[in-house]
Amino acid sequence: MKFDDVLCPFCGCLCDDITVTAEGGRVTGVDNTCLLGTSKFLGDNRLKNPIMRTDDGWKDVTYDEAIASTLDALLEADRPLLYGWSGTHGEAQCIGVHMAELLGAVIDNTSSVCHGPSILAIQEVGHPGCTLGQVKNRADVIIYWGCNPTEAHPRHMSRYTTYADGYFLDNAFRDRTVIVVDVRRTETAELADVFVEIKPGGDYAVLSALRAMVRGRDEMIPDSIAGVSKEQLRHIVEICKNAKFCAVFFGVGLTMTRGKYKNVRNAIELVDELSRHTKATITPMRGHFNVYGSNEVNTWMSGYPYAIDFCRGIAFYNPGETTAVDILARKECDAALIVASDPAAHLPSKCIRHLANIPVVQIDPYPNMTTAFCNLQIPVAVSGIDAEGTAYRMDGVPIRLRKVLETEYPTDTMLLGRIYEAMMEVRGR
Amino acid sequence: MMRVLLEVKPRKKPLLPIEAECITPASFLEERDLTVWKGNRELMLSNVFNVSVTGEVDSVDGVEVVLRGETSRIKRVGEYMEGGRIIIEDDIGMHCGNFMSGGRIEVHGNAAAWLGREMRGGEIICHGDAGDYCASGYRGEKRGMRGGRVEVCGNAGDFAGEHLSGGSLIIHGDAGDFPGVEMRGGEIMIFGDCTRACGNMTGGRCHVFGTVHEMLPTFRNMGEVVHEDTGQVLTAFRGDVANRGKGNLFVGNYQYME
Ligand code: SF4
């Protein structure tokens with residue numbers, strides 16, 4: 001059976017033009033996806049049933065047994081951590097927040113190790129953003145700063161920027177100028193009209209210089225900043241000021257290098273400064289397909305986008321203190337529930353070592369690196385393949401994930417819902 | 001004079017943080033049950049500390065609270081403190097002296113992050129090192145420390161005095177990255193080195209007697225001046241021009257990232 005206009009549940013582009021062919025309970029073909037999307041749809045090797053670690057190795061258990069064991073681990077803990085959430089749909093994320101409140105837990109999503117700093121910067125100075133549709137149809141100058149869409153968001157350039165047709169651009173490909181700023185010549189840099197090679201850690205200084213130059217203070221700027229010549233900076237300022245619509249995209253090259261949210265704040269303030277001359281916007285290149293959704297769900301339910309500590313029954317938020325990576329590195333939690341992410345593949349080894357020493361329950365369809373040290377793994381349906389729900393694109397647009405396979409697996413919503421109900425019963429709510 | 005000694009009892013999970021904003025001199029003036037939080041459990045203060053109180057007093061200024069033992073995970077000590085003294089014999093956890101407006105806190109070990117966050121008055125002396133965000137503001141807050149004095153005898157972490165808008169922050173050792181970032185008032189003195197001082201500052205004064213590495217290019221060089229108290233020749237800068245700032249930054253040495 002063929003399904004058209006399916007969403008790809010892999011990266012923040014959330015491409016919604018995928019054609020999927022499914023037969024015999026498997027996806028047999030996909031069209032329009034990039035390689036990353038294809039491998040997600042055709043991914044095999046799912047866990048068949050819940051597995052529990054014992055002294056003699058892994059043991060198959062039923063879903064009822066797995067739920068009972070999850071309750072034991074989380075209800076006994078003084079400071080449980082609920083982490084992940086970016087690879088599932090919004091409805092499941094909602095249950096996660098309710099669960100964190102009931103347990104007095106800390107709930108955090110993967111943005112604490114990707115675009116959390118972008119949110120901190122936005123909380124300081126706001127977000128001059130727009131939808132990707134606006135960029136596609138109007139932007140004649142595109143800046144990719146500290147990101148490499150060719151490899152991380154492979155269809156970003158063809159759907160929304162460089163190679164996309166634009167309603168208000170006569171010849172979009174020729175009319176658009178693409179500037180790439182990075183510490184090395186990436187594949188995206190090869191496709192740029194202007195490539196700015198910056199020394200690692202030099203982004204803040206270069207952004208400050210650009211802000212001053214846009215304001216006409218270029219006489220005070222030294223001849224070279226972080227490996228970038230003043231001449232090249234002048235050239236960029238001219239391109240941006242003369243643009244009809246300048247769209248800046250940035251990645252973890254800005255958010256996860258020294259200075260973190262200050263880099264992003266500086267980039268936002270550059271965009272503000274440019275907006276005195278032309279239309280300018282800025283958008284984070286979000287990684288997981290629904291990490292933005294996790295921030296949205298958390299915010300509408302608790303007031304905060306990630307790193308929320310419900311230990312005292314009310315929401316407290318302080319990245320650096322209540323973020324999973326900091327809590328784990330300081331060994332401040334005594335149990336963890338991991339949902340729809342693979343911390344062992346992304347977090348520093350110090351954090352993983354602590355996870356290996358406390359009870360960890362993982363909810364994920366596939367065996368992954370976190371499987372190697374969790375105590376219990378419960379497989380679920382894959383959001384966007386055999387489970388439907390809501391996901392948010394990198395520009396904050398909610399789109400409905402479609403279901404292309406029937407399944408025996410419970411969805412994240414069903415499984416988390418059962419765990420939450422059982423918890424309420426134990427707590428007499 | 002009233003002396004309160006709080007000695008930490010051995011704990012089963014010593015790394016779990018304890019939130020203890022009830023530990024202020026004023027709390028011990030009246031007899032009432034004080035509680036602290038260990039994760040999601042509320043405990044009596046006496047479950048976590050051996051408490052001994054000697055002497056009697058009418059006013060908060062006569063109360064001295066001493067914390068003894070493994071206190072590096074005890075958070076929010078001295079929050080909203082208005083007077084009296086707190087002496088911490090070893091390290092102290094995050095948010096020590098949050099919003100304090102009077103009195104004195106002395107930390108004999110190191111202090112974790114957010115020491116003196118949004119402090120309004122009073123004095124904090126840390127004999128060891130201070131963590132990140134010393135005398136800064138809370139996330140998204142436009143103003144950090146507004147008054148009072150924080151003195152760090154060792155080094156300070158990153159973002160010391162972020163959003164500083166009043167009072168003075170003195171760091172005898174090195175400061176990390178971005179001391180005085182977004183500062184708008186008040187004064188910072190750093191006797192060691194730091195990187196990227198005062199990014200985006202709009203007001204206030206910052207002295208760095210050592211070297212500012214990766215000096216930001218958007219500060220206007222105003223020439224040399226002699227510092228009154230130390231007699232050291234410093235280069236005066238004004239900025240941050242990127243932010244239309246009118247802050248004053250004086251540095252012993254500086255290096256741009258070229
Ligand atoms: S760009 Fe991202 S959303 Fe689009 S097909 Fe590739 S992986 Fe999927």
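Here is the naming used below: chain letters follow the sequence lines, and residue numbers restart at 1 for every chain.
- At a 4.5 Å heavy-atom cutoff, the contact between R215(A) and chain B is made by side-chain atoms alone.
- Of the atoms belonging to R217(A), it is side-chain heavy atoms, and not backbone ones, that fall under 4.5 Å from chain B.
- A donor atom on one side chain and an acceptor atom on the other are found under 3.5 Å apart for N200(B) and R211(A).
- With a 4.5 angstrom heavy-atom cutoff, E141(B) does not touch chain A via any of its atoms.
- Annotation: F219(B) is not in aromatic contact with Y254(B) [ring centroid separation under 6.0 Å not met].
- Interface summary for chain B: among E273(A), M220(A), K331(A), the most heavy-atom pairs under 4.5 angstrom belong to M220(A).
- Contact of Y261(A) with chain B is made through the side chain alone, with heavy-atom distances under 4.5 Å.
- The candidate with the highest count of non-hydrogen atom pairs below 4.5 Å against chain B, out of D334(A), I221(A), D223(A), is D334(A).
- Only the side chain of K13(B) comes within less than 4.5 Å of a heavy atom of chain A; its backbone N, CA, C and O stay farther away.
- If you measure heavy-atom distances from L120(A) to chain B, the contacts under 4.5 Å come from the side chain alone.
- Side-chain contact annotation: N50(B) with E7(B), donor-acceptor N/O pair under 3.5 Å absent.
- Highest contact tally toward chain A, considering only D240(B), N243(B), D158(B), N221(B), is held by N243(B) [criterion: heavy-atom pairs under 4.5 Å].
- Between H115(A) and F250(A), a ring centre-to-centre spacing shorter than 6.0 Å is recorded.
- A salt bridge between E258(B) and K199(A) is absent, with no side-chain N of the basic residue lying under 4.0 Å from a carboxylate O of the acidic one.
- With respect to chain B, the highest number of heavy-atom pairs below 4.5 Å among A77(A), C311(A), G104(A), G313(A) belongs to C311(A).
- Close placement of the Y317(A) and Y306(A) rings is indicated, their centers lying within 6.0 Å of each other.
- In summary, R265(A) and E182(B) engage in a salt bridge, as defined by a charged side-chain N under 4.0 Å from a carboxylate O.
- L43(B) CG to R11(B) CZ: the interatomic distance, rounded to the nearest 0.5 Å, is 9.0 Å.
- For the options K262(A), Q123(A), E321(A), R312(A), heavy-atom pairs under 4.5 Å to chain B are most numerous at R312(A).
- Interface remark: V181(B) contributes side-chain atoms only to the contact with chain A (heavy atom separation under 4.5 Å).
- Figure legend: R139(B) and Y304(A) shown without cation-pi pairing, the cationic atom not lying both under 6.0 angstrom from the six-membered ring centre and within 45 degrees of its axis.
- Using a 30° and 60° split on the angle between ring planes, F178(B) and Y204(A) fall in the perpendicular class, above 60°.
- Interface remark: I327(A) contributes no atoms to any contact with chain B (heavy atom separation under 4.5 Å).
- If you measure heavy-atom distances from E162(B) to chain A, the contacts under 4.5 Å come from the side chain alone.
- In summary, K230(A) and D218(A) do not engage in a salt bridge, as defined by a charged side-chain N under 4.0 Å from a carboxylate O.
- If you measure heavy-atom distances from A121(A) to chain B, you find no contacts under 4.5 Å at all.
- There is no side-chain donor-acceptor pair under 3.5 Å between H163(B) and R143(B).
- Of the residues considered (W114(B), Y133(B), Y256(B)), W114(B) shows the highest number of contacts with chain A, using heavy-atom pairs under 4.5 Å.
- The contact between E269(A) and chain B is made entirely by side chain atoms (from C-beta outward), counting heavy-atom distances below 4.5 Å.
- Using a 4.5 Å cut-off between heavy atoms, R244(B) contacts chain A through both its backbone and its side chain.
- For L216(B), the part lying near chain A is the side chain, with the backbone staying farther off; criterion is any non-hydrogen pair under 4.5 Å.
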